[in-house]
There are 2 protein chains.
Amino acid sequence: MMNVVEAPSSPPSSATNGSPDNADTTGSPNGTHRTFPQNPDKGPKKRIATYRHVIAIHSQVRHSCLSRDSTNTPSFIGFRNLMVVVLVAMNLRLIIENFLKYGVLICIKCHDYRKQDVVIGAIFFALVPCQLLCSYFIELAASRHAVRVIGRAKKTDKVLNESKRLWFVIALLHSIISFSGLAVTSYAIYYYVNHPGIGTLCQIQVIIVSLKSYSYALTNRDLRRAMLGSPSTDFAIPELYKSCPYPRNITIGNLAYFLLAPTLVYQPVYPRTPRIRWSFVGKRMFEFVCLAVVIWLLSAQYAAPLLRNSTEKIAVLHFGSILERGLKLSTISLVIWLAGFYALFQSLLNGLAEIMRFGDREFYTDWWNSPSFGVYWRSWNRPVYTFMKRHVYMPLVTRGWSSTAAGTVVFAVSAVLHEVLVGVPTHNLIGVAFMAMLFQLPLILLTAPFEKFKSPLGKAIGNSLFWVTFCVLGQPLGTLLYFFAWQAKYGSVSRT
Amino acid sequence: MMNVVEAPSSPPSSATNGSPDNADTTGSPNGTHRTFPQNPDKGPKKRIATYRHVIAIHSQVRHSCLSRDSTNTPSFIGFRNLMVVVLVAMNLRLIIENFLKYGVLICIKCHDYRKQDVVIGAIFFALVPCQLLCSYFIELAASRHAVRVIGRAKKTDKVLNESKRLWFVIALLHSIISFSGLAVTSYAIYYYVNHPGIGTLCQIQVIIVSLKSYSYALTNRDLRRAMLGSPSTDFAIPELYKSCPYPRNITIGNLAYFLLAPTLVYQPVYPRTPRIRWSFVGKRMFEFVCLAVVIWLLSAQYAAPLLRNSTEKIAVLHFGSILERGLKLSTISLVIWLAGFYALFQSLLNGLAEIMRFGDREFYTDWWNSPSFGVYWRSWNRPVYTFMKRHVYMPLVTRGWSSTAAGTVVFAVSAVLHEVLVGVPTHNLIGVAFMAMLFQLPLILLTAPFEKFKSPLGKAIGNSLFWVTFCVLGQPLGTLLYFFAWQAKYGSVSRT
């Protein structure tokens with residue numbers, strides 16, 4: 001008959017030799033070791049040299065480590081490693097499949113750009129900064145007049161009111177310059193620059209410079225008001241600016257620094273680093289060049305054929321096929337996007353900051369851990385975020401707007417800029433980028449509760465939702481739609 | 001002129017209102033908060049209601065969080081979530097692609113099994129346990145003789161020697177039974193059972209029963225020797241067995257328990273649980289059924305077409321295509337294998353253990369974290385591991401063999417069993433499983449250093465190497481080769 005043995009307190013040592021088995025230390029999560037006799041001639045009792053098959057392998061009640069009965073949950077770190085292995089294997093397979101199907105698609109000579117595109121692109125790329133020069137001259141005139149005003153009359157409450165009309169003209173001129181620069185360049189790119197790459201470079205340049213001139217004008221207006229001491233302006237000028245008070249900051253050198261510095265927010269003075277570490281600059285530039293090449297290779301070899309054979313499916317509106325193509329595109333667009341993020345925000349901006357000895361390099365924070373869309377938009381593109389916060393959001397909130405209303409304005413402005421950035425170079429202002437940016441507002445509201453979750457699981461769910469919405473659904477869909485619109489209008493950009 | 005500001009000790013508070021901005025707490029990994037004025041009517045100075053665009057956004061030297069200069073490394077948990085998202089997206093795409101290409105392949109009626117297969121399979125499945133019954137009768141005769149011997153002569157050193165010839169005959173009979181059961185069944189499956197599924201079930205059954213009868217014979221031999229008190233047998237019988245000393249354990253009931261218990265190692269007494277929790281049994285059986293269905297669906301819908309269109313590539317020996325097919329197969333074979341592991345070792349064996357009130361349920365430990373092949377083989381299949389340790393490895397080591405030599409024998413035995421298990425039901429004893437098992441020996445030696453690494457990185461590398469070798473290269477390659485051999489011999493198993 002069988003006996004019921006309820007987890008005996010000590011594992012019975014049945015072996016001829018009492019020493020624990022060295023080779024068997026791994027498989028005992030409960031901290032108990034089975035005792036196998038080993039090397040009997042080394043044991044205390046030397047007379048026994050034969051082994052007996054009677055050891056009680058099953059000596060106590062034990063649970064499988066995946067069972068709920070088990071008291072100590074095992075680590076699952078191995079499955080994380082497995083995920084990496086499977087991801088590498090799956091993508092390696094796609095690379096081989098792509099090669100077997102298309103061969104090598106990368107071809108420097110095949111790229112079809114017109115001479116006109118390069119000429120117009122180069123002219124605009126060089127001319128756009130002149131917009132800031134205009135802002136400088138307007139500001140110079142304004143500051144000279146302000147100094148004259150102070151010289152004429154002693155500081156009174158009426159100093160500012162005296163030249164009210166002039167200040168209005170100044171503001172109007174600044175607005176016209178900022179807006180017309182953006183408008184004229186966008187018009188020229190839309191109608192005269194065929195190549196989307198060249199167009200995008202010029203468009204980024206003009207958007208950056210327009211935002212910079214906007215910030216330059218607003219900041220200097222308020223510094224001037226502070227100097228003139230208008231009734232509502234007894235606010236403290238930051239300590240940092242004291243070394244270069246208005247109007248001493250209105251110089252070509254100061255403006256040129258702002259133009260080249262990796263920021264959209266004008267300050268007369270920035271925190272600076274003591275010296276340029278050229279080795280740092282070299283590493284960042286090397287990273288940037290390598291990543292740019294990687295992005296180009298990935299786009300030409302993997303994304304382009306995928307986009308091309310997706311357009312047929314979109315044209316016949318076969319849902320399953322569109323979904324399949326979108327999912328396939330999601331991985332490659334994600335990799336390109338991550339590489340692009342690193343190339344721009346880490347390599348390029350840090351390299352530029354080092355050359356400019358620009359101190360504040362918080363161009364991004366750990367957006368990849370974002371539990372919600374709100375956190376993502378606050379952390380991934382700090383230059384634009386701080387610009388919007390300083391020059392759009394806070395002025396509205398200070399005037400009594402609700403944070404939701406002010407946030408809506410921020411995303412509306414951002415939506416227009418995104419549509420201009422994507423739609424103008426691709427010659428298709430189809431409004432997808434615009435709507436995608438406005439769609440962020442409900443997403444931010446819906447995912448806001450995840451920010452408050454304390455548990456890692458809650459945060460992981462929010463974070464996964466962010467990745468799915470943004471990288472699996474949003475980006476590939478947007479890319480597909482703009483590419484489809486482009487193909488429908490022009491056919492392929494490469495000679496195929 | 002620009003001023004060099006070297007990381008000011010305190011962030012200058014430039015705002016009209018000194019309260020820190022609540023909405024801006026996320027983007028400050030350095031622990032500093034930028035100060036934006038907010039809700040001015042709530043501040044201490046109520047007279048200012050206008051906002052000024054002069055705040056020093058860039059107030060101190062800060063580093064990008066991915067830069068080496070940064071003191072606090074950010075968390076990368078978001079990228080783990082991203083990996084899960086990408087894996088799901090990639091596999092969802094493959095599922096859609098498979099559906100678009102093949103439609104639904106699952107078909108219960110299409111499966112082509114012969115009546116002969118089912119009949120022979122059922123007969124063997126029922127007959128195989130009779131092998132253990134033979135062992136029982138042999139053992140019963142031996143135990144009766146042993147009792148007679150003790151009755152005749154008082155305990156002397158010559159008791160055992162007296163019937164030496166009989167004991168030899170007993171051992172010979174046991175060996176013949178164990179071996180011939182395995183041999184006859186394998187022969188019948190190889191020549192008369194066409195369906196590989198039915199063949200595999202019978203083959204597993206016969207291997208398990210053969211190992212059990214081997215363990216039963218050896219354990220009882222040594223228990224008998226202990227009772228007869230031969231000179232070299234003054235070893236302690238485990239405490240656990242005292243409740244059922246030899247020859248009281250030689251009963252049909254005891255043997256039937258051993259036959260059904262989830263272990264390959266015979267003990268007269270096992271640790272038992274006090275009662276059967278039927279809810280536990282139900283859950284485990286439900287899991288088992290669900291996983292079996294999942295495995296069947298995956299095999300029929302995903303693995304089968306993949307294997308079929310891989311055989312053409314193997315036939316023409318196109319290396320790139322074989323690699324591509326192997327990599328595609330690796331994910332699906334991995335999923336099937338993980339599901340199979342859980343279904344067998346967690347669901348089935350735990351369910352069976354619960355029904356049998358079998359206490360020791362350490363059927364596996366956390367093999368998925370294995371930093372080396374040695375750890376893997378010691379932890380993933382504990383029933384076979386403990387059998388090999390008790391009945392093959394330890395006897396050899398006790399006789400003075402080196403651990404490497406004994407380990408080689410273990411893996412040679414295991415290699416033969418694996419080849420029989422895979423090669424017989426597929427009717428192709430091509431030796432791949434045999435060589436694969438022997439190939440584990442150099443792998444174990446090569447990866448042994450990873451066990452000693454203290455750093456998580458070292459262990460992660462070892463673990464990844466294990467996954468790559470085992471699941472990305474080994475299994476798909478083995479499956480492909482046996483499937484290819486099968487196809488070459490018979491053509492498809494389904495009507496397609």
Side-chain angles (χ1 to χ4, degrees), chain A residues 3-5 12 14 16 26-27 36 50-54 56-58 60-64 66 74 78 81-83 85 89 93 96 218-219 222 232 235 238-240 243 265 269-272 324 327-328 330 346 359-362 365-366 368-369 375 378-379 386 394-395 398 463-464 467 472, chain B residues 3-5 12 14 16 26-27 36 50-54 56-58 60-64 66 74 78 81-83 85 89 93 96 218-219 222 232 235 238-240 243 265 269-272 324 327-328 330 346 359-362 365-366 368-369 375 378-379 386 394-395 398 463-464 467 472:
Chain A
N3 262 44
V4 177
V5 179
S14 62
T16 52
T26 56
F36 279 105
T50 47
Y51 172 80
R52 296 296 161 222
H53 301 257
V54 296
I57 291 279
H58 306 292
Q60 60 176 315
V61 171
R62 271 189 292 214
H63 300 292
S64 299
L66 292 176
N81 300 331
L82 177 62
M83 283 205 296
V85 166
R93 184 190 81 79
I96 298 170
L218 282 173
T219 309
D222 286 352
S232 59
F235 53 86
E239 282 294 320
L240 188 63
S243 62
V265 169
V269 183
Y270 293 99
R272 305 285 292 274
E324 189 270 332
L327 284 171
K328 184 155 188 184
S330 71
Q346 173 65 11
D360 185 3
R361 294 166 191 195
E362 201 189 63
T365 57
D366 60 337
W368 47 86
N369 299 325
V375 173
R378 286 200 290 279
S379 53
T386 48
M394 286 315 300
T398 317
N463 185 241
S464 303
W467 285 117
V472 177
Chain B
N3 263 44
V4 178
V5 179
S14 62
T16 52
T26 56
F36 279 106
T50 47
Y51 173 80
R52 295 296 161 223
H53 301 256
V54 295
I57 292 277
H58 306 291
Q60 59 177 316
V61 171
R62 273 189 291 214
H63 300 293
S64 299
L66 292 176
N81 300 332
L82 178 61
M83 283 205 296
V85 166
R93 184 189 80 81
I96 298 170
L218 282 173
T219 309
D222 286 352
S232 59
F235 53 86
E239 282 293 321
L240 188 63
S243 61
V265 169
V269 183
Y270 294 99
R272 304 286 292 274
E324 189 270 332
L327 284 171
K328 185 156 189 184
S330 70
Q346 173 65 9
D360 185 3
R361 295 165 190 195
E362 201 190 64
T365 57
D366 60 338
W368 47 87
N369 300 325
V375 173
R378 286 199 291 277
S379 53
T386 48
M394 286 315 300
T398 318
N463 184 242
S464 303
W467 284 117
V472 178

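Below, read A as the first sequence line, B as the second, and so on, with proteins coming before strands; counting in each chain starts at 1. Predicted, not measured: the structure shown is a model, and the values here were computed from it.
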Asker: Where do Pro271(B) and Val61(A) come nearest, in terms of heavy atoms and distance?
Answerer: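 In terms of heavy atoms, the two residues are closest at CB-N, 3.9 Å.
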Asker: Grab the two heavy atoms, one from Val54(B) and one from Thr219(A), that are nearest each other, plus how far apart they are.
Answerer: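 Closest pair (atom of Val54(B), atom of Thr219(A), distance): CG1-O, 3.8 Å.
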Asker: Are Asn81(A) and Trp467(B) packed together at the side-chain level, in the sense that at least one heavy-atom pair is separated by less than 4.5 angstrom?
Answerer: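 With C-beta onward as the side chain, the pair touches.
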Asker: Which heavy atom of Asp366(B) sits nearest a heavy atom of Pro74(A), and at what distance?
Answerer: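 Answer, listing the atom of Asp366(B) first, then Pro74(A): CB-CB, 3.9 Å.
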Asker: Between Asp360(B) and His58(A), which heavy-atom pair has the shortest distance, and what is it?
Answerer: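 For Asp360(B) versus His58(A), the nearest heavy atoms are OD2-ND1, 3.0 Å.
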Asker: Check each atom of Gln346(A) against the heavy atoms of chain B and say whether the ones under 4.5 Å are side chain, backbone, both or neither.
Answerer: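 Interface part for Gln346(A): side chain.
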Asker: Using a 4.5 Å cut-off on heavy atoms from C-beta on, say whether the side chain of Arg361(B) contacts that of Arg62(A).
Answerer: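 When only atoms from C-beta onward are counted, Arg361(B) and Arg62(A) do not touch, as no gap falls below 4.5 Å.
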Asker: Select, from Glu324(B), Met83(B), Arg93(B), the one with the greatest count of heavy-atom pairs under 4.5 Å involving chain A.
Answerer: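 Counting heavy-atom pairs under 4.5 Å, the top option is Arg93(B).
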Asker: Over all heavy atoms of both residues, which pair between Ser330(A) and Ala89(B) is shortest? Give the atoms and the distance, please.
Answerer: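 Between these two residues, the closest heavy atoms are OG-CB, 4.4 Å.
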Asker: What's the shortest heavy-atom distance between Pro395(A) and His53(B), and which atoms?
Answerer: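 Looks like CG-CE1, 3.5 Å.
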